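Some notes on the structure that comes next.
Please read all numbers here as calculations on a predicted model, not as lab measurements. Residues: numbered from 1 along the sequence shown.
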Amino acid sequence: MQSNIENVSRDYAKILQSADLEKEINPLCTNIEDMLARLDEFETLLASVRAESNGMMANNVCAILGFADSFEQLKTRIDGLEQFVGVVSANLSEVERSVDIAEEELHVTDYSLKGLLLKPLKAKLGASDSSTLSSLPRSNLAEEEYQPVQIYKSDDYFGKSEEENYVAN
């Protein structure tokens with residue numbers, strides 16, 4: 001057992017003597033030095049960005065706070081515009097529904113000029129059939145009179161225009 005240990009230790013000694021430690025370690029040292037140089041550059045860049053950021057904050061925060069009233073007014077106007085867009089969207093949905101009902105009443109499926117003119121006429125001529133009378137479609141008529149969709153008034157959201165104010169005077 002003692003001889004085996006001596007043989008193994010001699011083999012390791014030969015390996016360490018034959019290995020060129022300078023050749024093995026120099027690339028590692030070079031890479032570590034490069035990484036340290038890059039890290040130093042990064043720290044310098046980071047310090048510069050922090051200094052610039054602090055300078056911008058110090059210069060601009062006071063100016064931003066000076067516009068607080070304008071920001072409130074802008075926020076109020078944006079909220080009003082969002083409400084207006086919601087109302088217009090709801091009105092548009094109602095108008096689209098009304099158009100769908102009208103197309104259904106007139107049996108419009110062809111949107112070409114010929115289809116828009118001739119199809120409703122043909123549908124009216126064939127409407128005397130008893131099967132069509134029993135299944136009445138939805139209608140925009142109330143008491144035999146067209147009921148238009150109520151839509152928003154822009155004056156409610158934007159005030160009267162300059163022209164209307166001028167004409168009223």
Side-chain angles (χ1 to χ4, degrees), residues 1-106 108-113 115-116 137-138 140 147-169:
M1 174 91 147
Q2 184 68 21
S3 67
N4 283 339
I5 293 175
E6 287 177 11
N7 286 339
V8 170
S9 65
R10 269 188 293 220
D11 288 342
Y12 276 122
K14 285 180 188 175
I15 291 173
L16 289 176
Q17 287 172 354
S18 68
D20 186 9
L21 293 180
E22 288 290 322
K23 186 178 175 184
E24 299 290 329
I25 292 178
N26 277 344
L28 291 174
C29 290
T30 303
N31 285 340
I32 289 172
E33 288 172 1
D34 286 345
M35 289 174 64
L36 288 172
R38 289 184 183 132
L39 183 61
D40 189 42
E41 290 173 2
F42 180 72
E43 285 178 329
T44 304
L45 180 64
L46 186 60
S48 173
V49 167
R50 283 184 179 156
E52 185 72 25
S53 177
N54 290 340
M56 287 174 38
M57 288 296 289
N59 292 335
N60 294 325
V61 166
C62 292
I64 290 171
L65 291 176
F67 289 112
D69 294 336
S70 298
F71 286 136
E72 274 301 315
Q73 182 182 15
L74 182 62
K75 185 184 109 183
T76 303
R77 290 179 68 190
I78 289 172
D79 290 344
L81 182 60
E82 286 177 347
Q83 181 184 7
F84 172 71
V85 168
V87 168
V88 169
S89 176
N91 285 166
L92 181 61
S93 295
E94 280 297 311
V95 169
E96 287 175 346
R97 187 188 64 75
S98 179
V99 168
D100 289 342
I101 290 171
E103 288 175 347
E104 194 176 295
E105 286 177 339
L106 298 173
V108 174
T109 55
D110 183 8
Y111 292 98
S112 68
L113 185 58
L116 290 174
R138 300 179 292 170
N140 288 327
Q147 299 300 312
V149 176
Q150 296 294 320
I151 59 172
Y152 70 93
K153 292 185 175 115
S154 60
D155 292 343
D156 294 344
Y157 296 93
F158 300 109
K160 290 197 175 220
S161 66
E162 291 294 322
E163 289 180 18
E164 289 178 19
N165 288 336
Y166 183 72
V167 170
N169 290 335

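Shown here for Asn91 and Gln150, the closest heavy-atom pair between the two residues is ND2-O, 3.6 Å.
Within the model, atoms CG of Asp11 and CD of Glu6 stand 12.0 Å from one another, a figure rounded to the nearest 0.5 Å. Taking CD1 of Ile32 as the start and CG of Leu39 as the end, the distance is 12.5 Å to the nearest 0.5 Å. Ile78 contributes atom CD1, which lies 7.5 Å from atom CD of Glu82 (distance to the nearest 0.5 angstrom). Atom CG of Leu65 is separated from atom CZ of Phe71 by 9.0 Å, given to the nearest 0.5 angstrom. Rounded to the nearest 0.5 Å, atoms CG (Leu74) and CG (Asp69) are 12.5 Å apart. Once rounded to the nearest 0.5 Å, the distance linking CG of Leu28 with CD of Glu33 reads 11.0 Å.
Heavy atoms of other residues, nucleotides or ligands lying less than 6.0 angstrom from CD1 of Ile151 number 12 at most. Within 6.0 Å of CZ on Arg10 lie more than 12 heavy atoms contributed by other residues, nucleotides or ligands.
No donor-acceptor distance shorter than 3.5 angstrom exists from the side chain of Ser53 to the backbone of Val49, with no hydrogens or angles considered. One N or O on the side chain of Asn59 and one on the backbone of Gly55 form a donor-acceptor pair closer than 3.5 Å. Under a 3.5 Å cut-off, the side chain of Ser89 and the backbone N or O of Val85 do not form any donor-acceptor pair.
With sequence neighbours excluded, the residues forming a side-chain contact (heavy atoms from CB on, under 4.5 Å) with Asn26 are Glu22, listed by chain and number.
Note on Glu94 versus Arg97: salt bridge recorded, some NZ/NE/NH1/NH2 to OD/OE distance being below 4.0 Å.
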